[in-house]
Amino acid sequence: METIKTLCPYCGVGCGLEVLPDKNQGWKVRGDRNHPSSQGMVCVKGATVAESIRTERLLYPMMRDTLDGPFRRASWDEALDAIADRIQAIRCTTGPDGICVYGSGQFITEDYYVAQKLVKGCLGTNNFDANSRLCMSSAVSGYVQSFGADGPPCCYDDLELTDCAFIIGSNTAECHPIVFNRLAKYHKKNPHVKMIVVDPRRTPTAEAADLHLAIKPGTDIDLLNGIAYLLLQSESIDPKFIQESTVHFEEFVQVVNSYTPEFVASRCGISVGELETAAKYWQQSQRVLSLWSMGINQSSEGTAKVRSLINLHLMTGQIGKPGCGPFSLTGQPNAMGGREAGGLSNLLPGYRTVKNAQHRTQVEQFWGLKPGSISPTPGRTAWDMILGLETGEVEMLWIAATNPVVSMPDLERTKAALWRSPFTVYQEAYYPTETSAYAHILLPATQWSEKTGVMTNSERRVSLCIGFDTPLGEARDDWSIFAEVGRRLGFSEQFAFNNSGDVYQEFVQLTRGQPCDVTGLSHEYLRQEGPQQWPCRENEPKHSAKEAKRLYTDARFPTPDERARFSAYHSRGLAEPPDPNYPFVLTTGRVYGHWHTMTRTGRTDKINQLHPEPFLEIHPRDAANLKIKEGDLLEVRSRRGKGVFPAKVTKAIVPGTLFVPMHWGSLWAEGAEANAMTHAESCPDSKQPELKACAVQLVKV
Ligand code: SF4
């Protein structure tokens, strides 16, 4: 076996890995020093990925008639025929909108693309959504509404070129460790560089900051408007940029004018001095780089939060230049590729939308389908699929590479709806997971190391992940399973792919002329030249893989008048604020070692030793009031569900707020599921649920 270059399959940082032969376990991994994003660094998840790959795998298709019956082994033909027959029956009776597919940011771009072609093109329903809906959809809608197109404008080199890192709603040190390593090293070496962290928790990220603003949950917009107010007062703005490259500045100023420091400090639970220091760091910095993640996105006003942050960059002209700009950190390894391939229920490939008639026509023609094949109506989002199961409108749910029985909000309701599902297909590499208990058909999927395809990381860098291991059992690639069902439904021409390279070759053609144009890429090119940032257009001079690319360097935006849009929002606050019956705000998040719902990391000894069990963080003042000691078992109750956790008494959390990690499902810690308590109130624009905050009460067990 030769050394193979690939990508870490965990988070959106997208670190490069090298796979080397190993005499004990066949192969091992190390960081790829030549990968431009990660420069050889990896965190514990990337370093231990080999441990979990070949344990507790789903090896062959299994079927059962009812959810309370036993599974029996089935052949691929039997399982695929049953799926195709059920799809056909639903299409012929109630129509295709009874069919839903729920995918994953773990997909390679090829998986996403083939699923879009099958569901949105051939079946004629837009009911494809992905777990990115729970992760990044507010960033998508914020970028689209402010700039006219999705796509983070920055690159990782900006981490080492900034004067001030403004980190809001992101525990970067634990959730995007290699991004944080790069930033922290640079910050340490350059005393003039400031780091501001906005988070109700004193996380390891906040520990490294020059200024930690421990705001009350849900007051981000107040804070952002408060900083804008002070920047206006001190005239720390870029009038030329505002005049030539933006619109709606006056409306924005009208709103911001009411955010006096005293008002903002009292809303956010910080001092006027802290707010003024944050504004001073912005004023003194030529280049402010804002980093954000779930703390902003997972909110019932997620889009408004994203746009309020972008406002600060527009008013200071800090975008499209080295070291500055608004930069969303993607959760999943290929959530970015999913967006490019149209992998949300309102999108089509190449940053097109289902509502746009011209976009639908372009895609229908490209796919060789009749005019009108693609529905103009956005499909069901992740939570809408659960609601559709409740009402009976969803007659078939096909879940792939994700574990909604842990990651969805309001878990009791989610589980009850899934239990009612007439027909659920679950395509997954591992068995069991919490979701496999709710499936009628289980399909074994290949995973990282066994399949070849493309992923895009947070800085728009596209890498080829090369399959180097033999698939276990009868596992097949996700894209090939979707394609096989398409062929069984009579769409042989549309799914005549021999391999994932063919799929990618077709996909890139649909990006031609679009913001995410990758017509210059192919599997072969990526294999030879290494990772590339998009845009990467055909026949354009190729730039060096190490040369960073930013968007909007000419201060022109992909809107009809080429100007970015200011937004003007007052905060609506939390969807479920605390009250006398439910006096605490529960916030959820991640720990350094575990990944999402632990499907892989729960099977990795080293990581389980690092984080053996879930816990609940409570401030010493709240603990004293309730006579709670470290390690006491506490029952947390919301209006929807409850969980029991050992107490961790710490000043790392603000009084009145509690924290539990979101990773543990019933398979790993029965009765300690964070999402048993959360609710599904969502942002009206992005449809992303407010997984970050709900009102709870606390009882000592
Ligand atoms: Fe993998 Fe993310 Fe860790 Fe990099 S930072 S090694 S991509 S989990």
Side-chain angles (χ1 to χ4, degrees), residues 4-20 27-53 104-108 131-132 135-136 152 155-157 159-160 167 170-185 203-205 208 291 293-294 327-338 401 447-449 453-466 530-531 533 589-604 606-608 610-611 661-663:
I4 289 161
K5 285 179 183 292
T6 183
L7 201 66
C8 172
Y10 283 112
C11 85
V13 177
C15 298
L17 295 181
E18 285 182 337
V19 181
L20 311 143
W27 53 266
K28 62 183 178 184
V29 297
R30 71 175 178 204
D32 176 3
R33 290 210 176 128
N34 293 316
H35 194 284
S37 297
S38 52
Q39 305 164 357
M41 293 180 276
V42 284
C43 75
V44 69
K45 292 187 281 287
T48 56
V49 65
E51 265 191 51
S52 63
I53 293 300
S104 167
Q106 292 280 325
F107 275 178
I108 52 175
N131 55 11
S132 319
C135 178
M136 292 312 299
C155 55
Y156 292 158
D157 284 4
L159 297 164
E160 289 130 358
I167 305 177
S170 164
N171 179 6
T172 321
E174 294 196 88
C175 303
H176 296 95
I178 301 311
V179 159
F180 191 74
N181 281 2
R182 284 183 66 169
L183 178 64
K185 271 191 208 163
T203 60
T205 315
L291 302 169
S293 192
M294 300 309 132
F327 195 176
S328 56
L329 297 175
T330 318
Q332 297 263 7
N334 195 33
M336 284 287 296
Q447 64 151 327
W448 178 86
S449 82
V454 161
M455 292 203 184
T456 308
N457 73 6
S458 292
E459 63 163 349
R460 293 171 283 106
R461 195 176 293 278
V462 183
S463 299
L464 182 67
C465 307
I466 298 174
Q533 272 183 296
R590 288 151 178 78
V591 297
Y592 168 64
H594 276 305
W595 173 251
H596 281 203
T597 65
M598 298 169 54
T599 311
R600 277 200 200 103
T601 54
R603 295 173 166 100
T604 307
K606 193 165 179 190
I607 292 177
N608 281 326
L610 209 55
H611 308 288
M662 57 74 67
H663 307 285

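Ligands are counted one by one from 1 in listed order, and the atoms in each one are counted from 1 as well. Computed from a predicted model, the values in this text were never measured in an experiment.
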Worksheet, complete the sentence: atom 2 (Fe) of ligand 1 has as its nearest protein heavy atom C11 SG, 2.3 Å

Item to complete: Establish, from distance only, whether the side-chain atoms of T330 and S458 form a donor-acceptor pair under 3.5 Å.
Response: yes

Worksheet item: Is the H594 ring parallel, tilted or perpendicular to the H663 ring (thresholds 30°, 60°)?
Response: tilted

Worksheet item: Can you list the ligand 1 atoms lying under 4.0 Å from a non-hydrogen atom of Y10?
Response: 8 (S)

Worksheet item: Got a sec: is C43 within less than 2.8 Å of atom 3 (Fe) of ligand 1 via an N/O/S atom?
Response: yes

Discussion item. Show me which atoms of ligand 1 lie under 4.0 Å from any heavy atom of K45.
Written reply: 8 (S)

Worksheet item: Is the shortest heavy-atom distance from the side chain of L183 to the side chain of I167 under 4.5 Å?
Response: yes

Discussion item. Could you tell me, atom by atom, which parts of ligand 1 come under 4.0 Å of a heavy atom of P177?
Written reply: 5 (S)

Fill in: Residue-ligand contact S38/ligand 1, heavy atom below 4.0 Å
no

Worksheet entry | atom 1 (Fe) of ligand 1 to nearest N/O/S of C8 less than 2.8 Å | yes

Response to the item:
One finds that the ligand 1 atoms under 4.0 Å from a non-hydrogen atom of G46 are 6 (S)

Fill in: ligand 1 atoms in contact with G14 (distance to a heavy atom under 4.0 Å)
7 (S)

